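Quantities reported herein were computed from a predicted structural model and do not represent experimental measurements.
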Amino acid sequence: HVAWLNFHGLDDTKSIEELCHKLEIDKLTNENIHTSTRRPKIEEYPKYVFFQIKSALPTEKNDNLLNQEQISFILGSNYLISFQEKAADHFSDVRDRIVKARGKIRSKGPDFLLFRMLEAIIDNYFEVLESITEKIDRIDERIHSKNNKLIFKQIEIEKRKLIELRKIVLPIRDITIQLESSESIFLDKANFRYFSNLKSSCASALEEIDGRKQILEGLTNLYYAVQGQRMNEIMKV
């Protein structure tokens with residue numbers, strides 16, 4: 001069987017330490033679970049594989065920053081452990097697949113479960129992009145209105161979110177490339193094509209991010225053009 005254990009929050013350090021000791025998880029890995037990631041990379045050990053990524057979810061209406069957190073994964077021969085910094089449900093679809101035995105998830109190994117979890121995280125990136133796109137559309141509608149003093153600030157906020165999202169997506173793309181070409185015994189070569197699909201999804205997300213940034217730059221130029229036109233009308237009067 002395959003065991004999946006998910007931690008919501010990292011406050012219970014004693015339980016995490018006991019679990020790591022029982023599964024013979026290296027002390028350095030235990031420390032890394034509690035520290036902010038550097039450049040994400042896959043660390044291969046004799047009994048498991050470890051790596052960290054950052055997730056992102058759509059923000060609240062008045063939030064100027066992305067709702068993001070670090071998630072760590074430990075992949076063993078018959079188990080997968082995930083550590084979330086806070087209680088955020090990224091994996092509801094994965095749980096539904098397990099409970100209802102949808103697809104191949106119950107007949108495959110823990111590496112396929114890992115694929116489904118990474119897929120869910122990448123799907124969240126597209127939800128963030130959709131949320132930003134809706135805000136861009138609202139900015140576009142209001143840019144010609146006279147009461148648009150806050151529009152430039154809103155444009156800069158959405159630009160900042162896109163820059164943050166790009167910094168999050170790039171590392172997970174690199175992780176999928178490493179997973180796709182890994183020679184680890186914990187990754188079935190038959191599943192490499194799934195990680196290749198994740199790499200393509202990350203590339204699509206990066207393209208969309210760059211596209212949204214270009215739209216915002218165009219809106220910035222339009223904003224200045226509208227302001228200049230109004231100033232000319234005032235001078236004429």
Side-chain angles (χ1 to χ4, degrees), residues 8-10 32 34-41 51-73 82-91 117-177 198-231:
H8 287 287
L10 305 176
N32 287 338
H34 297 278
T35 56
S36 183
T37 182
R38 304 172 299 281
R39 184 70 180 172
K41 65 175 182 178
F51 66 92
Q52 295 170 307
I53 59 170
K54 283 192 177 291
S55 67
L57 290 169
T59 57
E60 299 298 328
K61 289 184 178 180
N62 298 321
D63 196 350
N64 296 338
L65 298 172
L66 280 186
N67 181 11
Q68 57 180 296
E69 66 169 313
Q70 182 169 283
I71 301 179
S72 306
F73 292 97
S82 48
F83 301 87
Q84 297 180 227
E85 286 183 321
K86 51 191 175 183
D89 194 9
H90 300 279
F91 310 121
M117 293 176 73
L118 293 177
E119 182 185 48
I121 290 170
I122 292 171
D123 286 345
N124 289 337
Y125 297 158
F126 285 98
E127 286 183 23
V128 172
L129 274 168
E130 189 177 333
S131 172
I132 293 173
T133 301
E134 289 174 1
K135 290 178 181 177
I136 290 173
D137 290 341
R138 288 199 291 270
I139 290 170
D140 192 20
E141 290 171 2
R142 291 180 50 211
I143 204 161
H144 292 285
S145 67
K146 291 183 180 180
N147 186 23
N148 66 351
K149 294 179 181 179
L150 296 175
I151 282 183
F152 183 72
K153 182 181 177 182
Q154 291 168 351
I155 290 173
E156 290 304 309
I157 287 170
E158 298 310 314
K159 270 188 186 178
R160 199 179 308 127
K161 287 180 184 177
L162 287 170
I163 291 169
E164 285 180 23
L165 187 60
R166 197 173 201 283
K167 288 179 181 177
I168 292 171
V169 177
L170 274 172
I172 194 173
R173 184 199 62 180
D174 295 343
I175 288 290
T176 58
I177 292 170
L198 294 182
K199 181 182 69 176
S200 301
S201 297
C202 289
S204 299
L206 290 169
E207 286 178 11
E208 288 199 30
I209 289 168
D210 292 338
R212 301 300 182 277
K213 281 175 68 179
Q214 288 180 1
I215 292 172
L216 286 171
E217 285 166 7
L219 288 175
T220 302
N221 295 334
L222 180 59
Y223 172 81
Y224 283 123
V226 170
Q227 294 298 99
Q229 184 181 5
R230 284 189 187 137
M231 183 60 71

Value rounded to 0.5 Å, distance of CD1 in I157 from CD1 in I155: 10.5 Å

Which residues share a side-chain hydrogen bond (donor to acceptor under 3.5 Å, both in side chains) with E119, sequence neighbours left out: R116

Could you tell me if the side chain of L129 sits less than 4.5 Å from the side chain of L162, heavy atoms only? yes

Sorted by chain and number, sequence neighbours left out, side-chain contact (heavy atoms from CB on, under 4.5 Å) with Q68 holds for K54, L66, E164, I168

Just so I know, are the side chains of R142 and Q154 near enough to count as touching, which here means a heavy-atom distance under 4.5 Å? yes

Indicate the atoms forming the closest heavy-atom contact of L165 with A56, along with that distance. CD1-CB, 4.1 Å

Sequence neighbours excluded, the answer for side-chain hydrogen bond (donor to acceptor under 3.5 Å, both in side chains) partners of K159 is none

Closest heavy-atom contact between P58 and V128? N-CG2, 3.5 Å

K86: side-chain contact (heavy atoms from CB on, under 4.5 Å) partners, not counting sequence neighbours: N67, E69

Here the gap from H8 atom NE2 to S82 atom OG, rounded to the nearest 0.5 Å, amounts to 8.0 Å

Residue pairs meeting side-chain hydrogen bond (donor to acceptor under 3.5 Å, both in side chains), one or both in residues 123-132, sequence neighbours left out, come to H90-N124

Hey, could you give me the CG/CD1 distance between L216 and I136, rounded to the nearest 0.5 Å? 4.0 Å

Under 4.0 Å between a side-chain nitrogen and a carboxylate oxygen: does that hold for E158 and K161? yes

Quick one: does I53's side chain get under 4.5 Å of P171's, heavy atoms only? no

H34: partners by side-chain hydrogen bond (donor to acceptor under 3.5 Å, both in side chains), with sequence neighbours left out: none

Mind checking the NZ-CD1 spacing from K167 to I209? Nearest 0.5 Å is all I need. 12.5 Å

Would you check if S72 and N32 make a side-chain contact, meaning some heavy-atom pair closer than 4.5 Å? no

Interatomic distance, CD1@I151 vs CG@D140, rounded to 0.5 Å, equals 9.0 Å

Could you grab the distance from atom CD1 of I163 to atom CZ of R160, nearest 0.5 Å is fine? 8.5 Å

What pair of heavy atoms forms the shortest contact from F73 to M117, and how long is it? CE2-CE, 3.6 Å

Closest non-hydrogen atom pair between C202 and I172, with its separation: SG-CG2, 3.6 Å

Side-chain (Q70) to main-chain (T35) donor-acceptor, under 3.5 angstrom: yes

Residues that R212 engages under side-chain hydrogen bond (donor to acceptor under 3.5 Å, both in side chains), provided they are two or more places apart: T133, E208

Output all residues satisfying ring-ring contact (aromatic ring centres under 6.0 Å, His included) with F91, sequence neighbours left out; order by chain, then residue number. none

Applying side-chain contact (heavy atoms from CB on, under 4.5 Å) to L170 and not counting sequence neighbours gives R166, R173, L206

